[in-house]
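Single-structure report; data block below.
We use all heavy atoms of the structure for the numbers below, so side chains are in, but hydrogens, waters and symmetry mates are not.
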Amino acid sequence: MEVQPGYLLEPNWRDRSLIRKAEVPAGLQTWLYNDASLTARLVSVCHKGFRVEVLRQRYARVQRNEARLLDVPYRQHALLREVYLYCGKIRLVYARSIIPMKTLTGRQRQLAHLGERPLGGFLFACPSMQRGQVQLASIPAGSPVYERAVHLQEIDEASLWGRRSVFRLEGKPLIVAEIFLPTITAARSSQV
């Protein structure tokens, strides 16, 4: 895989416990405050079929806040995986995962070869999986993360909300960030 520099500017991630629920749109609270597997939840509500579209998977330098969260040197290379999660043809979530090189050893080497399989299915099936503190961010329109999440879609929202966590598999860390598109509210009400 080609090594490229990270390109996404850093959202302002804050610990979920420090954000008042009133700040978060009501239709998103059930998604942002649920710690169960997002993959399993989407599979259960997607009557038209859940699927993953891999946008890119490459080695890139980690961003400063990701390096702190993962306890790795700033600008170290890690596997960057970007995907969209769909119900049928409806895009619901943009997900970005950062997997340090030290994590891609042993059984976790499989993480580099998931293809169209959801990362969440792998994580929540792993007996050693531990999930760290959940952080939330409101991502303003016009920011690179927002633009990547809505790519080629007409969305007229002032901001999108996302969450991220550090997961540990056999003590080895990785970050999963999920940016929820406005269409996610249809999934909550089983309309997809």
Side-chain angles (χ1 to χ4, degrees), residues 1-16 28 31-32 34-35 37-39 41-42 50-72 74-86 91-101 103-104 108 111-124 129 131-153 155 157 159-169 172-184:
M1 285 186 184
E2 182 181 344
V3 175
Q4 299 178 7
Y7 70 97
L8 298 176
L9 296 179
E10 302 178 14
N12 182 24
W13 296 102
R14 298 182 290 157
D15 285 345
R16 185 171 62 186
L28 291 176
W31 295 99
L32 294 169
N34 187 316
D35 291 331
S37 167
L38 177 62
T39 299
R41 188 165 179 206
L42 288 175
F50 170 79
R51 70 181 175 91
V52 175
E53 176 189 355
V54 178
L55 300 173
R56 68 178 77 191
Q57 182 170 305
R58 62 189 170 86
Y59 291 93
R61 292 186 178 108
V62 297
Q63 297 174 7
R64 190 176 312 278
N65 70 28
E66 295 165 346
R68 281 192 301 271
L69 213 53
L70 292 165
D71 194 27
V72 299
Y74 172 55
R75 300 188 62 81
Q76 180 180 54
H77 286 96
L79 181 64
L80 168 64
R81 175 179 160 95
E82 295 174 279
V83 302
Y84 289 130
L85 305 180
Y86 286 84
R91 186 187 306 166
L92 303 176
V93 177
Y94 163 73
R96 182 174 187 271
S97 304
I98 300 93
I99 308 167
M101 302 304 285
T103 299
L104 292 170
Q108 286 71 44
L111 294 170
H113 308 285
L114 290 174
E116 301 288 322
R117 291 176 291 153
L119 174 60
F122 183 91
L123 293 175
F124 282 86
M129 187 273 284
R131 186 177 197 170
Q133 177 73 18
V134 176
Q135 296 180 322
L136 302 180
S138 176
I139 300 153
S143 73
V145 175
Y146 183 102
E147 295 305 318
R148 189 72 178 148
V150 303
H151 182 68
L152 298 177
Q153 287 191 316
I155 294 178
E157 297 287 324
S159 64
L160 299 174
W161 279 86
R163 67 179 185 178
R164 78 173 181 181
S165 303
V166 173
F167 288 84
R168 294 190 183 278
L169 303 173
K172 297 182 278 187
L174 64 127
I175 295 173
V176 177
E178 301 151 334
I179 311 304
F180 295 89
L181 299 172
T183 50
I184 197 73

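- A donor-acceptor pair under 3.5 Å links the side-chain atoms of Arg163 to the main chain of Trp31, judged by distance alone.
- For the pair Ser159/Ile139, no side-chain contact is recorded, criterion being any heavy-atom separation below 4.5 Å from C-beta on.
- For the atom pair CD (Glu53) and OH (Tyr84), the distance works out to 7.5 Å, reported to the nearest 0.5 Å.
- A donor-acceptor contact shorter than 3.5 Å links the side chain of Thr183 to the backbone of Arg91.
- Minimum interatomic distance between Thr39 and Gly121 (heavy atoms only, all atoms of both residues): OG1-N, 4.0 Å.
- Taking each heavy atom of Thr103 and Gln108 in turn, the nearest pair found is O-CB, 2.9 Å.
- To the nearest 0.5 angstrom, Leu136 atom CG is 9.0 Å from Ser165 atom OG.
- In this structure, CZ on Arg96 lies 6.0 Å from CD on Glu82, to the nearest 0.5 angstrom.
- When the salt bridge (charged side-chain N to carboxylate O under 4.0 Å, His left out) test is applied to Asp35, the partners found at least two apart in sequence or on another chain are Arg16.
- Taking CG of Leu174 as the reference point, atom CZ of Arg81 lies at 11.0 Å (rounded to 0.5 Å).
- Checked options Glu66, Glu178, Gln135, Gln133; the residue passing with Arg164 is Gln135 (criterion: side chain to side chain donor-acceptor pair (under 3.5 Å)).
- Rounding to the nearest 0.5 Å places CD1 of Ile99 at 6.0 Å from CG of Leu119.
- Listed by chain and residue number, Ser37, Met129, Arg131, Phe167 satisfy the side-chain contact (heavy atoms from CB on, under 4.5 Å) test with Phe124 (two or more places apart in sequence, or in another chain).
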- Message: Determine whether Leu104 and Tyr59 satisfy the following criterion, side chain to side chain contact (heavy atoms under 4.5 Å, CB included), listing intermediate values before the conclusion.
- Response: CA-CA 12 Å; Leu104 292 170; Tyr59 291 93; 4.0 Å; yes
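- Atom CD1 in Ile184 sits 4.5 Å away from atom CG in Leu92 (nearest 0.5 Å).
- At least one side-chain heavy atom of Tyr94 sits less than 4.5 Å from a side-chain heavy atom of Leu55.
- Side chain of Gln76 to main chain of Pro100: no donor-acceptor pair is present (N/O by atom type, distance under 3.5 Å, no hydrogens or angles).
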- Query: Yes or no on side chain to side chain contact (heavy atoms under 4.5 Å, CB included) for Leu160 and Val150, after CA distance, side-chain angles and deciding distance?
  - Reply: CA-CA 9 Å; Leu160 299 174; Val150 303; 3.7 Å; yes
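- In this structure the side chain of Leu79 reaches within 4.5 angstrom of the side chain of Gln57, judged on heavy atoms.
- Scanning both residues, Arg168 and Pro173, for their nearest heavy atoms gives NH1-CB, 3.4 Å.
- The shortest side-chain heavy-atom distance between Ile155 and Pro182 falls under the 4.5 Å cut-off.
- Pairing each heavy atom of Ile175 with each of Val166, the nearest pair is CG1-CG2, 4.0 Å.
- Distance alone, capped at 3.5 Å, places no donor-acceptor pair between the Arg148 side chain and the Val145 backbone.
- In this structure a side-chain-to-backbone donor-acceptor pair under 3.5 Å is present from Glu147 to Gly142.
- Between Leu85 and Leu42, some side-chain heavy-atom pair lies under the 4.5 Å cut-off.
- When all heavy atoms of Ala149 and Ile179 are compared, the pair lying nearest together is CB-CG2, 4.0 Å.
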- For the pair Ile98 and Leu70, evaluate side chain to side chain contact (heavy atoms under 4.5 Å, CB included) and give the outcome as yes or no after the intermediate values. CA-CA 9 Å; Ile98 300 93; Leu70 292 165; 3.9 Å; yes
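- Summarising the geometry of Pro140 relative to Tyr146, their closest heavy-atom pair is O-CB, 3.3 Å, with the distance given to 0.1 Å.
- Counting heavy-atom neighbours within 6.0 Å of Asp15 CG, excluding the residue itself, gives a total above 12.
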- Task: Evaluate side chain to side chain contact (heavy atoms under 4.5 Å, CB included) for Leu169 paired with Phe122, printing each intermediate quantity in order.
- Result: CA-CA 10 Å; Leu169 303 173; Phe122 183 91; 3.8 Å; yes
